[in-house]
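Start at 1 and go down the list; that is how both ligands and their atoms are numbered.
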Amino acid sequence: MLLDVQGIDVRYGRNHAVKSVDLTMDEREIVTVLGANGAGKSSLLKAIQGSEKSTGTVLFDGVDISGWSAPRRVNAGLVLVPEGRQIFVSMTVHENLQMGAYCRKDDVGAEIDAIYDRFPNLAARRDMPASVLSGGEQQMLAISRAMLAKPRLMMLDEPSLGLSPILVKQLFTLIEELNGDGLTILLIEQNTHMALQSADRGYVLELGDVVLSGDAKTLQEDSRLGEAYLGTH
Ligand SMILES: Nc1ncnc2c1ncn2[C@@H]1O[C@H](COP(=O)(O)OP(=O)(O)OP(=O)(O)O)[C@@H](O)[C@H]1O
Ligand SMILES: [Mg+2]
């Protein structure tokens, strides 16, 4: 087991945003966390990444990392691409990529070249400020930057937000390719249908509780998913 999250609680004052959540991930799995706005999805990911205060236990590859700082978790291979991407808009595309490798001592030139091969739009804009990128290009940059940290587990918080249907498709193709190369992926998505198609398993959060979990196919056929928990239909 690569990730074993036990009894995670996140509280913001009196707001109990994540309530004793358990979640496990095997190496090479894609797992999705679904839930309505405010269900606690981002809070859960931030707790796992160490950027939000929480109680409970996080085991990463069998090691208890609960007390570790966020940068230490990144160094261990636990990387979060946060909601809203958070690229550095005043830096160039190339500088943003270099930032992704800041904790590495080896030469990442070949990896950056491979990123430019994969995303010609980024290559064409390598010396422009990242603020000129479209939403889809920013998302590709954010994921590429995260890849340069050599993650073992990548957590993506609503990567498809604001993307056109074609770009959403490209994004999921990328997610599946990265997974095919051995990356374990924890994915928050509004796009329930696409997420469950790519994922092996899923968890559904409602007001901080896991109300449903299981393999993606079973969840997809569960009528409670849309009606009761996500309020989508
Ligand atoms: N920094 C914060 N301070 C206070 N309350 C917060 C903070 N961040 C989140 N919350 C609250 O915690 C609850 C869960 O928020 P969270 O962002 O985890 O939900 P989410 O499932 O990611 O929602 P969304 O789909 O809208 O992104 C919400 O009630 C939210 O208002
Ligand atoms: Mg969120």
Atom indices of ligand 1, in the order listed, that fall short of 4.0 Å to a heavy atom of E158: 25 (O), 27 (O)
Ligand 1 contact by G13, heavy-atom criterion under 4.0 angstrom: no
Donor-acceptor pair, side chain of D200 and main chain of I30, under 3.5 angstrom: yes
For E83, the ligand 1 atoms whose distance to one of its heavy atoms is below 4.0 Å: 27 (O)
Under 2.8 Å from the Mg ion (ligand 2) - protein N/O/S, by chain and number: S42 OG, E83 OE2
Hphob cluster co-occupancy, L186 + L59, side-chain heavy atoms under 4.5 angstrom: no
Reference residue K41; test side-chain contact (heavy atoms from CB on, under 4.5 Å); the match among E83, E189, E158: E158
Residues forming a ring pair (Phe, Tyr, Trp, His ring centres under 6.0 Å) with Y116, sequence neighbours excluded: H94
Short N or O distance, A39 and ligand 1, threshold 3.5 Å exclusive: yes
Listed partners of D22 passing side chain to side chain contact (heavy atoms under 4.5 Å, CB included), at least two apart: Q6
Donor + acceptor pair across side chains of E52, S43 (<3.5 Å): no
Q190 neighbourhood, listing ligand 1 atoms whose heavy-atom distance to it stays under 4.0 Å: 25 (O)
Which residue and heavy atom of the protein sit nearest atom 25 (O) of ligand 1, plus the separation: K41 NZ, 2.7 Å
Closest protein heavy atom to atom 19 (O) of ligand 1, given as residue, atom name and distance to 0.1 Å: G40 N, 3.3 Å
Proximity flag K46 to ligand 1, non-hydrogen atoms under 4.0 Å: no
Same apolar cluster (I L V M F W Y, side chains within < 4.5 Å links), M154/L44: no
Residue, atom name and distance, where the atom is the protein heavy atom closest to atom 28 (C) of ligand 1: G38 O, 3.9 Å
Under-4.0 Å salt bridge between D106 and R104: yes
Test applied, side-chain contact (heavy atoms from CB on, under 4.5 Å); reference residue, L187; option that passes from N179, L156, D157: L156
Partner set under side chain to side chain contact (heavy atoms under 4.5 Å, CB included) for L148, not counting sequence neighbours: L97, A101, V108, E111, I112, I115
Residue and atom name of the nearest protein heavy atom (relative to atom 17 (O) of ligand 1), distance in Å to one decimal: S42 CB, 3.8 Å
For atom 26 (O) of ligand 1, closest protein heavy-atom neighbour: N37 ND2, 2.9 Å
Numbered atoms and elements of ligand 1 in range of A36, under 4.0 angstrom, heavy atoms: 21 (O)
Exercise: identify the closest heavy-atom pair between M140 and L174: SD-CD2, 4.0 Å
Identity and distance of the protein heavy atom lying nearest atom 11 (C) of ligand 1: N15 ND2, 3.5 Å
Nearest-contact summary for atom 16 (P) of ligand 1 - protein heavy atom, Å: S43 OG, 3.6 Å
Name of the residue among R152, R28, M147 meeting side-chain contact (heavy atoms from CB on, under 4.5 Å) with L183: M147
Side-chain donor or acceptor of N96 paired with backbone N/O of F88 under 3.5 Å: yes
Closest approach of any protein heavy atom to atom 6 (C) of ligand 1, naming residue and atom: Y12 CD1, 3.3 Å
